[in-house]
Amino acid sequence: MDRRRCHALLVALALAPAALAACASPGAAAPRALAEGVFWVAGSGGAAAPANAGRIGNSGFVVGPAGVVAVDTGTSYAHGRALIAAIRATTDRPLALALITHVRPEALFGATAFREAGVPVAMHAQAARLMRSRCDGCLTQLRQVLGDAAMAGSAVIAPDRVVDGPATLSEAGRPLELLFPGHASGPGDVALWDPARRVLFAGGLVENRRVPAIDDADLPGWQRALAALAALQPRVVVPAHGPAAGPEAIAATAAYLAALDERAHALVADGASLIDVPDAASLPAYAGWDEYEVIHRRNASIAFLRAERALLLGETPR
């Protein structure tokens, strides 16, 4: 957005927070209010590419009387700075904590900007271990895809605060619940629940009209986690990708996982070959979901191999 257009927008909207964010951080999505003091910053969806600067995942923040808790830090140092600018354009409350909910690049590498701003970064211990084991490689891959300039200043950092299970976060000055369901969408994946506003930042546990990746998942654990999230009866759910929605996003994620698992076991029972699985495991009901052609085909192979292994070891399907 050029300066003249930005100035006109600010005047027209009486310095509305969304307009301020657009000016402070060119190319960043403006925060959208979901409830009093609860904001969602939308990702673009799709795959990381130069056109979207890799900003494909959702972020958000909760403003309380004592400060702000940010949820997921963005894809890069530049993205993290844009998120911080958007938060500061929305509220003058201090940034008290940045929570990383899951180990996907679009949630991680903006942490360098939060650390630079003096904001402590928190994540689950299992997620931190997974990040240490492989995310240097993720960063290298992102530099290849997006370019060195887009990823300048980005790094894998150690969290300042590590949690081992569910917890109450008090940094905002009102209770926020950190939910840890055990190994589900990934080891150490967590969600943030605002019980007063009934808003759930579901992190990697929920997708909205995007195929959820099962690479790191325990499918039975994930289904149990989704049932527990649905039992909260959230008013608004912020997924890892896709628009904020109601609890139907939880149900849709669970339905996809169940359909995938059923199809994989059916293919094993039919004696299918792994080479045929990506095509044979098509799920037309989900063909319109974001990244179906890439993520679902990979999911099909993973689910098939797990089902085949269970059969060979005589394990009871879970």
Next item on the list: Considering non-hydrogen atoms only, spot the tightest contact between Leu205 and Leu226 and give its length.
Entry: O-CD2, 3.2 Å
Next item on the list: Say whether Trp222 and Val238 are linked into one hydrophobic cluster, either directly or through other cluster members, by side-chain heavy-atom distances under 4.5 angstrom.
Entry: no
Notebook entry, point to check: For His79 and Glu106, what are the C-alpha separation, side-chain angles and deciding distance, and is it a side chain to side chain contact (heavy atoms under 4.5 Å, CB included)?
Noted result: CA-CA 9 Å; His79 193 188; Glu106 51 268 32; over 6 Å; no
Note to self: With a sphere of 6.0 Å drawn around CZ of Arg235, does it hold more than 12 non-hydrogen atoms of other residues, nucleotides or ligands?
What the structure shows: yes
Next item on the list: Using ring pair (Phe, Tyr, Trp, His ring centres under 6.0 Å) as the criterion, point out the one residue from Trp289, Tyr256, Tyr286 that pairs with His296.
Entry: Tyr256
Notebook entry, point to check: Atom CD1 in Ile295, atom CD in Glu293: separation rounded to 0.5 Å?
Noted result: 11.5 Å
Notebook entry, point to check: Atom CG of Asp290 and atom CZ of Arg210: how far apart are they, to the nearest 0.5 Å?
Noted result: 4.5 Å
Notebook entry, point to check: If Ile, Leu, Val, Met, Phe, Trp and Tyr residues are connected whenever their side-chain heavy atoms lie under 4.5 Å apart, and connections chain through other members, are Leu83 and Leu34 in the same group?
Noted result: no
Next item on the list: Begin from the C-alpha positions of Leu200 and Ile250 and carry the test side chain to side chain contact (heavy atoms under 4.5 Å, CB included) through to its verdict.
Entry: CA-CA 11 Å; Leu200 176 70; Ile250 300 173; 4.3 Å; yes
Next item on the list: Kindly write out the residues that satisfy salt bridge (charged side-chain N to carboxylate O under 4.0 Å, His left out) with Arg88, not counting sequence neighbours, or none if the list is empty.
Entry: none
Notebook entry, point to check: Do Asp279 and Arg297 meet the salt-bridge criterion of a basic N to acidic O distance under 4.0 Å?
Noted result: yes
Checklist line | Where Thr73 and Ser59 come nearest, the two heavy atoms and their spacing | finding: N-OG, 4.5 Å
Next item on the list: Report the distance from atom CG of Asn52 to atom CG of Leu146, rounding to the nearest 0.5 Å.
Entry: 7.5 Å
Margin query: On a heavy-atom basis, which atom in Leu130 and which in Pro187 lie closest, and how many Å separate them?
Written below: CD2-CG, 4.0 Å
Check: For Asn58 and Val41, what are the C-alpha separation, side-chain angles and deciding distance, and is it a side chain to side chain contact (heavy atoms under 4.5 Å, CB included)?
Finding: CA-CA 6 Å; Asn58 291 325; Val41 183; over 6 Å; no
Notebook entry, point to check: Within a reach of under 6.0 Å around CD of Glu116, are more than 12 heavy atoms found that belong to other residues, nucleotides or ligands?
Noted result: yes
Margin query: Under the rule for salt bridge (charged side-chain N to carboxylate O under 4.0 Å, His left out), what residues qualify as partners of Glu171, not counting sequence neighbours?
Written below: Arg161
Margin query: Assess the residue pair Arg174 and Asp194 against the criterion (salt bridge (Lys or Arg N to Asp or Glu O under 4.0 Å)); give the C-alpha distance rounded to whole Å, side-chain angles, the decisive distance to 0.1 Å, and a yes or no.
Written below: CA-CA 9 Å; Arg174 61 185 180 89; Asp194 184 339; 2.8 Å; yes
Check: Going through the distances and angles, do Leu176 and Thr168 end up as a side chain to side chain contact (heavy atoms under 4.5 Å, CB included)?
Finding: CA-CA 6 Å; Leu176 300 172; Thr168 298; over 6 Å; no
Margin query: For Glu248, is the CD atom crowded, meaning more than 12 foreign heavy atoms sit under 6.0 Å from it?
Written below: yes
Check: Side-chain donor-acceptor pair under 3.5 Å between Gln126 and His183, yes or no?
Finding: no
Notebook entry, point to check: Rounded to the nearest 0.5 Å, what separation is found between the CE atom of Met123 and the CZ atom of Arg129?
Noted result: 11.0 Å
Next item on the list: Tell me, yes or no, whether the heavy-atom count around Leu312 atom CG, taken from other residues, nucleotides or ligands under 6.0 Å, exceeds 12.
Entry: yes
Checklist line | Note: Asp215-Arg298 ion pair, threshold 4.0 Å (strictly below) | finding: yes
Check: Going hydrophobic residue to hydrophobic residue with side-chain gaps under 4.5 angstrom, can you get from Leu178 over to Trp193?
Finding: no
Checklist line | Reported CG-to-CG distance for the pair Leu283 and Asn299, which is rounded to 0.5 angstrom | finding: 9.5 Å
Note to self: Hydrophobic clustering (ILVMFWY, side-chain heavy atoms < 4.5 Å, transitive) - are Val119 and Phe39 grouped together?
What the structure shows: yes
Margin query: On a heavy-atom basis, which atom in Ala249 and which in Val206 lie closest, and how many Å separate them?
Written below: O-CG1, 3.7 Å
Next item on the list: Using a strict 4.0 Å threshold on nitrogen-to-oxygen distance, state whether Arg134 and Asp216 make a salt bridge.
Entry: yes
Notebook entry, point to check: Mind checking what makes side-chain hydrogen bond (donor to acceptor under 3.5 Å, both in side chains) contact with Asp160, not counting sequence neighbours?
Noted result: Arg115
Checklist line | Linked, directly or transitively: Leu108 and Ile56 (ILVMFWY side chains, under 4.5 Å) | finding: no
Note to self: For the CZ atom of Phe304 and the OG atom of Ser273, what is their distance to the nearest 0.5 Å?
What the structure shows: 7.0 Å
